Chemist: 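There's a structure below that I have some questions on.
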Amino acid sequence: MSRAAAQAGPHDRVPHQAWSFEGPLGRFDLSAVQRGYAVYAQVCSACHGMKSMTYGDLAATGLTMEQVGRIAATQQVPGGVDAQGDPVTRAATPADHFRDPFANPAAAAAANNGVAPPDQSRLALVYPGGPDRIYAVLTGYREPPAAYRPSHAGAVYNPYASGREIAMPPPLRDGQVVYTDGTPATTAQEARDVTTFLAWVAQPHLEARHRLGAQVVLYLLFLAVLAFLLKRRLWSDVH
């Protein structure tokens, strides 16, 4: 059984997915990360914030700073107050954090069936089952069994969600997102790409850690070989 399946709970087992960033030599597919940001920006950001991210961080996905600046400029962020003391907004810059869709948690809950959507900055790390389960939830909506009774108004059946229900209605559908690279925007593709983006956001330095780990292993192997050769040389006269 996969770790994701074990953490998912007593309901439907979470199918394991093959991710490019898995394993000690895993690395992020930056094209998928960029598409995943498109899904987040066009769909998820309407409800979910990402407080740890600045627009400038998107440069690490392979975008140029000019492209990042254009993306940031499409967003409005708080800009202080005007001469009358009223709050105003301004176009975001690369230095700004991602815009929060709601003024506060109470407003977020009021707009989402009483449940505030979680911040997605570390979702791929803290959500039990990780990327596998995020993908399963996004693609796992189905007709509920006859015995299912929602626990509260607005609850939606999903066998991969905690308690087999979730307050979020199906967020993705075929053709919902515009991919600039021409990739067909199926529901499954959108789910895979946004999951990859969330994994990248949660661990932006993953590849650097993998490279450092590989370098340390190679260095230790070199030292082991050197120590072996030195031992043979020192003891060669004894035998």
Side-chain angles (χ1 to χ4, degrees), residues 1-17 19 36-53 75-78 87 97-177 185-202:
M1 184 194 310
S2 72
R3 175 174 175 270
Q7 290 181 315
H11 41 283
D12 288 21
R13 299 302 182 191
V14 176
H16 175 64
Q17 304 294 321
W19 303 103
Y37 170 71
V39 178
Y40 171 79
Q42 297 178 43
V43 181
C44 308
S45 64
C47 297
H48 293 274
M50 197 169 279
K51 296 177 181 177
S52 72
M53 284 285 290
Q75 304 297 316
Q76 291 292 310
V77 296
H97 285 264
F98 279 22
R99 180 184 63 84
D100 199 309
F102 300 104
N104 52 61
N112 291 276
N113 299 315
V115 180
D119 183 86
Q120 294 189 328
S121 301
R122 295 292 178 264
L123 187 65
L125 285 180
V126 302
Y127 192 53
D132 282 344
R133 191 162 172 225
I134 292 174
Y135 177 84
V137 169
L138 290 174
T139 58
Y141 291 91
R142 61 189 66 169
E143 287 296 318
Y148 169 71
R149 297 293 182 271
S151 64
H152 59 86
V156 181
Y157 178 76
N158 188 310
Y160 299 112
S162 178
R164 296 184 178 175
E165 66 178 17
I166 189 170
M168 178 178 67
L172 304 176
R173 64 178 186 274
D174 291 350
Q176 185 173 6
V177 176
T186 63
T187 298
Q189 185 68 54
E190 293 166 3
R192 174 168 286 277
D193 290 338
V194 76
T195 300
T196 300
F197 174 67
L198 294 177
W200 176 83
V201 169

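Because the structure is predicted, anything quoted here is derived from the model rather than measured.
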Chemist: Which atom names give the shortest non-hydrogen contact between Val156 and Pro170, and what distance separates them?
Modeler: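 It is CG1-CD, 4.5 Å.
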Chemist: Taking Tyr148's backbone N and O only, do any of them form a donor-acceptor pair with Glu165's side chain (distance below 3.5 Å, no angle check)?
Modeler: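 Not at all, since once roles are kept as given, no pair shorter than 3.5 Å links the two residues.
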Chemist: Quick check: does any side chain N or O of Arg122 sit under 3.5 Å from a backbone N or O of Tyr127, one acting as donor and the other as acceptor?
Modeler: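 A pair under 3.5 Å: no.
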Chemist: What are the two closest non-hydrogen atoms of His97 and Val77, and how far apart are they?
Modeler: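 Taking His97 first and Val77 second, the nearest heavy atoms are O-CG1, 4.4 Å.
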Chemist: For Ala199 versus Ala124, what's the shortest heavy-atom pair and its separation?
Modeler: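 Taking Ala199 first and Ala124 second, the nearest heavy atoms are CA-CB, 3.7 Å.
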Chemist: Does the Arg192 side chain pair with the main chain of Tyr135, one donor and one acceptor, at a distance under 3.5 Å?
Modeler: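 Flag not set: sc Arg192 to bb Tyr135 has no pair under 3.5 Å.
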Chemist: Between the side chain of Ser121 and the main-chain N/O of Ser52, is any donor-acceptor distance below 3.5 Å?
Modeler: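 Present.
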Chemist: Any idea which heavy atoms bring Gln120 and Leu198 closest together, and the distance?
Modeler: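 Taking Gln120 first and Leu198 second, the nearest heavy atoms are OE1-CD2, 3.6 Å.
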Chemist: To the nearest 0.5 Å, what is the distance between CZ on Arg164 and OG on Ser151?
Modeler: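 The CZ atom of Arg164 sits 13.5 Å away from the OG atom of Ser151.
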Chemist: Determine the minimum heavy-atom distance between Ala107 and Phe102, stating which atoms define it.
Modeler: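 Closest heavy-atom pair between Ala107 and Phe102: O-CD2, 4.0 Å.
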Chemist: Scan Thr186, Asp193, Thr187 and name whichever one has a side chain to side chain donor-acceptor pair (under 3.5 Å) with Gln189.
Modeler: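 The option that passes is Asp193.
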Chemist: Does Asn158 reach the main-chain N or O of Ile166 with its side chain, forming a donor-acceptor pair under 3.5 Å?
Modeler: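 No; zero donor-acceptor contacts below 3.5 Å.
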Chemist: Nearest 0.5 Å, please: how far is CZ in Arg99 from CD in Gln76?
Modeler: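 If I round to the nearest 0.5 Å, the distance is 9.5 Å.
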Chemist: Working to the nearest 0.5 Å, report the span between SG of Cys47 and CE of Met168.
Modeler: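 Going from the SG atom of Cys47 to the CE atom of Met168 covers 9.0 Å.
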Chemist: Hey, could you give me the CE/CG distance between Met50 and Asp100, rounded to the nearest 0.5 Å?
Modeler: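 That separation rounds to 11.5 Å.
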Chemist: Run the side chain to side chain contact (heavy atoms under 4.5 Å, CB included) test against Ala167 and tell me which residues pass, sequence neighbours left out.
Modeler: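 For Ala167, the residues satisfying side chain to side chain contact (heavy atoms under 4.5 Å, CB included) (neighbours in sequence not counted) are Val115, His152.
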Chemist: In the structure I gave you, are the side-chain heavy atoms of Tyr160 and Pro15 within less than 4.5 Å of one another anywhere?
Modeler: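 Sidechains of Pro15 and Tyr160: in contact.
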Chemist: Considering all heavy atoms of both residues, which atom of Met53 and which atom of Trp200 are nearest to each other, and what is their separation?
Modeler: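 In this case the closest contact between Met53 and Trp200 is CE-CZ3, 3.7 Å.
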Chemist: Can a donor-acceptor pair be found, under 3.5 Å and without considering hydrogens, that links the side chain of Thr139 to the backbone of Ala188?
Modeler: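 The answer is no, because no donor-acceptor pair under 3.5 Å joins these two groups.
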Chemist: State the SG-CG distance between Cys44 and Leu123, to the nearest 0.5 angstrom.
Modeler: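 Reported to 0.5 Å precision, the distance equals 10.0 Å.
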Chemist: Checking Tyr40 side chain against His48 main chain: does a donor-acceptor pair fall under 3.5 Å?
Modeler: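 Checked: pair present.
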Chemist: What I'd like to find out is whether the side chain of Pro171 reaches to under 4.5 Å of the side chain of Tyr141, using heavy atoms alone.
Modeler: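 Yes, their side chains come closer than 4.5 Å.
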Chemist: Answer whether the closest heavy-atom distance between the side chains of Pro159 and Arg142 falls below 4.5 Å.
Modeler: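 Counting from C-beta outward, Pro159 and Arg142 do come under 4.5 Å.
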